[in-house]
Amino acid sequence: MMNCIAVDDESLALDLLVDNIQQIPYLKLVKRCKNAFEAMDALRNEQVDLMFLDIQMPGITGVQLLQGLSYSPMVIFITAYDQYALEGFNLDVVDYLLKPVSFERFLKATNKAYELFSLRKQEVKPAIENDYFFVHADYSLVKIKMSEIVYVEGLKDYLKIYLAGQSRPVVTRMTMKSLEENLPVSQFVRVHRSYIVALDKIDCIRNQKIKIGEVFIPISEHYSEAFLSKINLSKIE
C-alpha cells in the first residue's frame, strides 16, 4: 500500500480526487488537505509516499510548497493550468494531470507512481566485504566493483554507473536512494540529487563543482554542507 495525501483548495475537486483515490486498491488516503499548510502538517505527522497536489492555491501554491520541502514524497500534479508543465518536469514530479481528469488517465499516473514505489522498495544488497555487487543491465547481471566506481548519475528511475577504465557507463534500473543507502559512507558521497561521487576519484573542487578527469559535477546547495563536512572544509573556493 502507498500512503497518500490529496491537496486541493476546491472542495468539489478534492471530493472527486478522494473518490478516485479510494477506487485504487494500492492507495491508502491518510489525509485530505485544503491548502499547503495542511499538507505540510500532514507531511510532518504522517508517512506519506505519494502526494496529489493542486498548483493554484491561495497563500502558498503547490509549486512553492514543493520547492520549499527539504524532502518530499512522490508528487502527481493535478491542475487546470498547463503553463506549469515544464516546472513540474524540473521538480521531477511523477506525472502532470490537467483537469478534468478521466479515471483512465488518473489510473495511468498512479500505476506509474506504484511502479516507482515498488522499485524503491527493492533494496540493493552489495557484498561490501567483497567490495562488489550485481545490477541488472543489458539483460544480464553485471558485477560492479566498488573500487572501480568513479561516479553515479541518476536519471529518474535509472542510474548510470561510471567505472574507471570504461568509456561507457553501466545503465541499470534503480533509484539513487536505494544505491546510496548501500554504498560505504566512507568512500562515497551524494553531492547533488542526480550525482554520487567516489571520494578517492575527485581531482579538484572549484566554483561549486567537482572535477573528475574531464567531467565537472555540480554540488547542489542542499548537499553542500554534508559534503564539505565529509572532506573537512568550511567552504568551497
Show me the side-chain donor-acceptor pairs of residues 34-43 shorter than 3.5 Å, one per line, residues at least two apart or across chains.
unit_1: Asn35; atom_1: OD1; unit_2: Phe37; atom_2: N; d: 3.1
unit_1: Asn35; atom_1: OD1; unit_2: Glu38; atom_2: N; d: 2.8
unit_1: Glu38; atom_1: OE1; unit_2: Lys34; atom_2: N; d: 2.9
unit_1: Asp41; atom_1: OD1; unit_2: Asn45; atom_2: ND2; d: 3.0

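- Note that the CD1 atom of Ile219 and the CZ atom of Arg206 stand 13.5 Å from one another [nearest 0.5 Å].
- Rounding to the nearest 0.5 Å gives a distance of 11.0 Å between CG of Leu65 and CD1 of Ile55.
- Between the side chain of Asn3 and the main chain of Val30, no donor-acceptor pair closer than 3.5 Å is present.
- Looking at Asp54 and Lys99, a side-chain N of the basic residue comes within less than 4.0 Å of a carboxylate O on the acidic one, giving a salt bridge.
- The shortest non-hydrogen separation linking Val75 to Val93 is O-CB, 3.4 Å.
- Put simply, the side chain of Ser224 reaches to within 4.5 Å of the side chain of Gln208, judged on heavy atoms.
- Here the closest heavy-atom approach between residue Gly213 and residue Lys211 is recorded as O-NZ, 2.6 Å.
- Cluster membership check: Phe216 does not share its hydrophobic cluster with Ile196, using side-chain heavy-atom separations under 4.5 Å among Ile, Leu, Val, Met, Phe, Trp and Tyr.
- The closest side-chain heavy-atom distance from Phe106 to Ile78 is below 4.5 Å.
- Linking ILVMFWY residues whenever their side-chain heavy atoms come closer than 4.5 Å, directly or via other members, places Tyr96 and Ile5 in the same cluster.
- Between Gln56 and Asp9 the shortest side-chain heavy-atom distance does not fall below 4.5 Å.
- With a 4.5 Å cut-off on side-chain heavy atoms, Val135 and Met174 count as touching.
- Heavy atoms only, all atoms of each residue included: Met2 and Ala113 are closest at SD-O, 4.0 Å.
- Nearest heavy atom pair, residue Lys112 against residue Val94, reads NZ-O, 2.9 Å.
- Going from atom CD1 of Ile217 over to atom CD1 of Ile205 covers 11.0 Å, rounded to the nearest 0.5 Å.
- Two residues are said to be in side-chain contact when any heavy atoms from C-beta on lie closer than 4.5 Å; Leu199 and Lys230 meet this criterion.
- Hydrophobic clustering (ILVMFWY, side-chain heavy atoms < 4.5 Å, transitive): Val185 and Ile202 are in distinct clusters.
- In this structure, Phe52 and Ile21 have side chains that are in contact, with non-hydrogen atoms separated by less than 4.5 Å.
- Residues Lys28 and Asp49 are not paired through a salt bridge, judged by the lack of any N-O separation under 4.0 Å between the basic side chain and the carboxylate.
- Distance check, rounded to the nearest 0.5 Å: OH of Tyr195 to CE of Met176 gives 9.0 Å.
- Looking only at distances, a side-chain donor or acceptor of Asp8 sits under 3.5 Å from a matching main-chain atom of Glu10.
- Sorted by first and then second residue, the side-chain hydrogen bond (donor to acceptor under 3.5 Å, both in side chains) pairs with a member in residues 17-26 read Asp19-Gln23, Tyr26-Thr110, Tyr26-Asn111; sequence neighbours excluded.
- Rounding to the nearest 0.5 Å places CE of Met51 at 13.0 Å from NZ of Lys31.
- The two atoms that bring Cys4 and Leu27 nearest to each other are SG-CB, 4.3 Å, heavy atoms only.
- In this structure the side chain of Thr79 reaches within 4.5 angstrom of the side chain of Leu98, judged on heavy atoms.
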With a 3.5 Å cut-off and sequence neighbours excluded, list the donor-acceptor pairs that the side chains of residues 141-154 form with protein atoms.
unit_1: Ser147; atom_1: OG; unit_2: Asp131; atom_2: OD2; d: 3.3
unit_1: Glu153; atom_1: OE1; unit_2: Tyr162; atom_2: OH; d: 3.4

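- Looking only at distances, a side-chain donor or acceptor of Arg190 sits under 3.5 Å from a matching main-chain atom of Arg193.
- Between the side chain of Ser118 and the backbone N or O of Tyr114, at least one donor-acceptor pair lies under 3.5 Å.
- Rounding to the nearest 0.5 angstrom, the gap separating the NE2 atom in His192 from the CZ atom in Phe227 is 13.5 Å.
- Nearest heavy-atom pair across Thr175 and Leu159 is O-CD1, 3.8 Å.
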